[in-house]
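Heads up: the structure comes next, in structure tokens.
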Amino acid sequence: MTSDVRTTAEVVTDARDIARRCADAMWENDFASQGLGMEIVSVAPGTATLTMRVRKDMLNGLGTCHGGFMFALADSAFAFACNTHNQFTVAQHCSITYHAPPGEGVLLSATATEVHRAGRSGLYDIAVTGEDGKLYATFRGHSRTVPGTHLAD
């Protein structure tokens, strides 16, 4: 006799697989993140970590990383995290606080974490840190689910 009941481990594995496949589908066409040298480190339901090394062409007139590049990294991590549930999800509102300016060569990591998701709205917190754990920026993103899915049924 077979059972239709799945174990928690099976559900979690499926959710992780769905999250990874959604990220792969998005990455294929994400020329902005690729062009900035970002890499996906990890993706799971409601979370994603991306990295980006600060290049010379990302420096501002003060010789530090232009805030727009840190915003782009945080926003990309946010996008990958909020699209892990096989629903098209877009940014509705984002804010960033800069804590320190990274210099050339610093490997930045942005880790997005789902704080709340219900209906068509989601809330995500993103920390942008350096290799040494230094906090460079914090970002909060509000998402909105729109029609469409990343994976075929």
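Rounded to the nearest 0.5 angstrom, Asn83 CG and His150 NE2 are separated by 3.5 Å. Atoms CE and OG, on Met38 and Ser109 in that order, are 12.0 Å from each other to the nearest 0.5 Å. In this structure, the separation between OH on Tyr124 and CZ on Arg140 is 12.0 Å, given to the nearest 0.5 Å. Here the OG1-CG distance, from Thr51 to Leu108, works out to 9.0 Å after rounding to the nearest 0.5 Å. Interatomic distance, OG1 of Thr138 versus CG of Asp125, reported as 8.5 Å (0.5 Å rounding). With rounding to the nearest 0.5 Å, the separation of CE in Met52 from CE in Met70 is 8.0 Å.
Nearest heavy atom pair, residue Ala79 against residue Met26, reads O-CE, 3.8 Å. When all heavy atoms of Tyr136 and Thr129 are compared, the closest pair comes out as CD1-C, 3.9 Å. Taking every heavy atom of both residues into account, Ala77 and Ala48 meet most closely at O-CB, 3.8 Å. Across every non-hydrogen atom of Leu73 and Ala110, the tightest pair is CG-CB, 3.6 Å. Nearest heavy atoms, Gly46 versus Thr84: N-OG1, 2.7 Å. The nearest pair of heavy atoms linking Val128 to Ala74 is CG2-CB, 3.9 Å.
Sorted by first and then second residue, the salt bridge (Lys or Arg N to Asp or Glu O under 4.0 Å) pairs with a member in residues 51-65 read Arg53-Glu131, Arg55-Asp57; sequence neighbours excluded. Residues in residues 68-82 take part in these side chain to side chain donor-acceptor pair (under 3.5 Å) pairs, two or more places apart or across chains: Ser33-Ser76.
Cluster membership for Phe78 and Leu123, using ILVMFWY side-chain heavy atoms within less than 4.5 angstrom, is not shared. In this structure, Tyr98 is a member of the same hydrophobic cluster as Val106, with clusters built from ILVMFWY side-chain heavy atoms closer than 4.5 Å. Cluster membership for Val90 and Phe88, using ILVMFWY side-chain heavy atoms within less than 4.5 angstrom, is shared.
The ring of Phe139 has its center closer than 6.0 angstrom to the ring center of Phe71.
Two residues are said to be in side-chain contact when any heavy atoms from C-beta on lie closer than 4.5 Å; Thr145 and Arg117 fail this criterion. The shortest distance between side-chain heavy atoms of Ile126 and Thr113 does not fall below 4.5 Å. Taking the side chain as every heavy atom from C-beta outward, Ser143 and Gln92 never approach each other to under 4.5 Å.
Side-chain atoms of Thr89 come within 3.5 Å of backbone N or O of Cys82 as a donor-acceptor pair. Listed for the His66 side chain is a donor-acceptor partner under 3.5 Å among the backbone atoms of Gly68.
Using the six-membered ring where Trp is involved, Trp27 and Phe80 have ring planes that are tilted, between 30° and 60° apart.
Shown here are the ring-ring contact (aromatic ring centres under 6.0 Å, His included) partners of His93, two or more places apart in sequence or in another chain: His142.
Under a cut-off of 6.0 angstrom, the local environment of CD in Glu104 is crowded, with over 12 non-hydrogen atoms contributed by other residues, nucleotides or ligands.
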